2 protein chains.
Amino acid sequence: MSTASAARREIPEATVARLPLYLRALASLESRGVDVVSSEELAEAAGVRSAGLRKDLSHLGSYGVRGVGYDVARLSEEISRELGLQHDWAVAIIGMGNLGHALAAYGGFATRGFSVRWLVDEDPAIIGTEIAGLRVIDFAELARQAPETIIAVLATPPHAAQQAADRAIALGVRSILNFAPCVITVPDGVEVRKVDLATELQILAFHEQRGRDEFDDVAEGRR
Amino acid sequence: MSTASAARREIPEATVARLPLYLRALASLESRGVDVVSSEELAEAAGVRSAGLRKDLSHLGSYGVRGVGYDVARLSEEISRELGLQHDWAVAIIGMGNLGHALAAYGGFATRGFSVRWLVDEDPAIIGTEIAGLRVIDFAELARQAPETIIAVLATPPHAAQQAADRAIALGVRSILNFAPCVITVPDGVEVRKVDLATELQILAFHEQRGRDEFDDVAEGRR
DNA sequence: AGGTCTTTGTGAACGCGGGCACAAAGTCGC
DNA sequence: GCGACTTTGTGCCCGCGTTCACAAAGACCT
């Protein structure tokens, strides 16, 4: 009753989070002309352990060949399909401050299955200007132009993030990447991932502070 | 023998990763004039469960008062000390492309314990130019100017990331925040955290694809 | 064609993290 | 000053994820 249509093989969240890494590593190998790779080599390239890699791949009914390894092109395609990257996803960036501006100009999305198609802001001074070949529009305009499934990237100041999220969700957005340093609450069925730059630095700071005193005996068993 | 000087109370990694969230939530409460908060309220503000929050705080020998809650200012200070945020940390941003440029101009660091002090690039066309009030320098110059403990933010293209990391480490950097979409290998004692924007989007894409078919019966028990 | 050797796929053990529920502790009212 | 009430701190349990180690499977050599 609860896990009704568990027809699709269930893929662990931790595995899903690593699939993009594998895909990246595979693309790199492919560009270097490698066409077969062992779990050991691929794990090395992706920065994980080989046993974990094999288990991850086994979840998507992988087609490795024992004694040989994995076919790079084949595996690459397999993972792409699993992640839903056969076709590009349309992305709207909301909030055209420093960060939004940079994200709009950032080339790293296009090659990885995403196409930034709309830039949204509510500041009249910014609306209408052109950034990276796109005109900045307001929410009303986005509502008119965006009938499809889109992914929203939130790059607003924290105080505006919740409202921006609400508006996006009202347009049918179900996936949000939140760069605003705040908690946003969303209804069930909407997926939010957050990227908080300052938080990452603070975690580093913790280890940096700790490390100064303790690394000498932890990092090296003897000395 | 292994865990030699576990004199300091050991704080779980998962807890460390949440401390910045608590700090942020506390700052928000403080600015609103709240000076005592219960674990329930703070958990709500930080987007976690209250039981988990209490357990996290217990690790740093917290000073909550039963029947009342936590003193906002006190707790805030406690977490700041734990994270090593009494003084600001000096940050060098390496790679002045779109992303590096935006990070340099991003105001979100200064208020959270970090001071961006050096902007580094190896392109002669960029070196010497001024961004967000700082002059872009090369690695040699950074080596001359940076005697202290610094945190490096890598915002280079992927092919340049490893070399940039190596150079930074040679200068004594032990903490790296890597925005380049690639794996970098570092010696023991150097901490790397990575932020990969395209990867985050790909994870969202996976759920988006899955969600279209399956959410209807998973999200809602009945219908 | 058979044997050896490589590499996958996976069963089992383990450790961490999250959640529940309760007892301890301290406050506030009377 | 005492009792009731609130909220913390934590012991226990469970489920997930990671790692190890090995058996199955297939390729390659002779």
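Treat the numbers as computed from the prediction; the structure is a model and nothing was measured. Below, read A as the first sequence line, B as the second, and so on, with proteins coming before strands; counting in each chain starts at 1.
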Pairs: protein N or O with nucleotides 1-6 of chain D N or O, under 3.5 Å:
none

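Each of B:Tyr70 and A:Ala51 has a nearest nucleotide on DNA chain D; the 5'-most of these lies closest to B:Tyr70. Both A:Pro12 and A:Val65 lie close to DNA chain D; mapped to their nearest nucleotides by heavy-atom distance, the more 5′-ward contact belongs to A:Pro12.
For A:Arg49 and D:dA21, the CZ to P distance is 13 Å, given to the nearest whole Å.
Residue-environment remark: CD (A:Glu40) stays at or below the threshold of 12 foreign heavy atoms within 6.0 Å. Within 6.0 Å of CZ in A:Arg193 there are more than 12 heavy atoms belonging to other residues, nucleotides or ligands.
Side chain of B:Glu208 to main chain of A:Ile151: no donor-acceptor pair is present (N/O by atom type, distance under 3.5 Å, no hydrogens or angles). At least one donor-acceptor pair under 3.5 Å links the side chain of A:Ser80 to the backbone N or O of A:Ser76.
A nucleotide of DNA chain C counts as in contact with chain B when one of its atoms lies under 4.0 Å from a heavy atom; the first and last such, 5' to 3', are C:dG17 to C:dT27.
Remark: A:Arg54, A:Lys55 in residues 52-60 of chain A come within less than 4.0 Å of DNA chain D through at least one heavy atom.
Under the 30°/60° scheme for interplanar angles, the aromatic rings of B:Tyr106 and B:Phe109 are found to stand perpendicular.
Annotation: the span from B:Glu200 atom CD to B:Gln202 atom CD amounts to 10.0 Å, rounded to 0.5 Å. The distance from atom CG of A:Leu197 to atom CZ of A:Phe179, rounded to the nearest 0.5 Å, is 7.0 Å.
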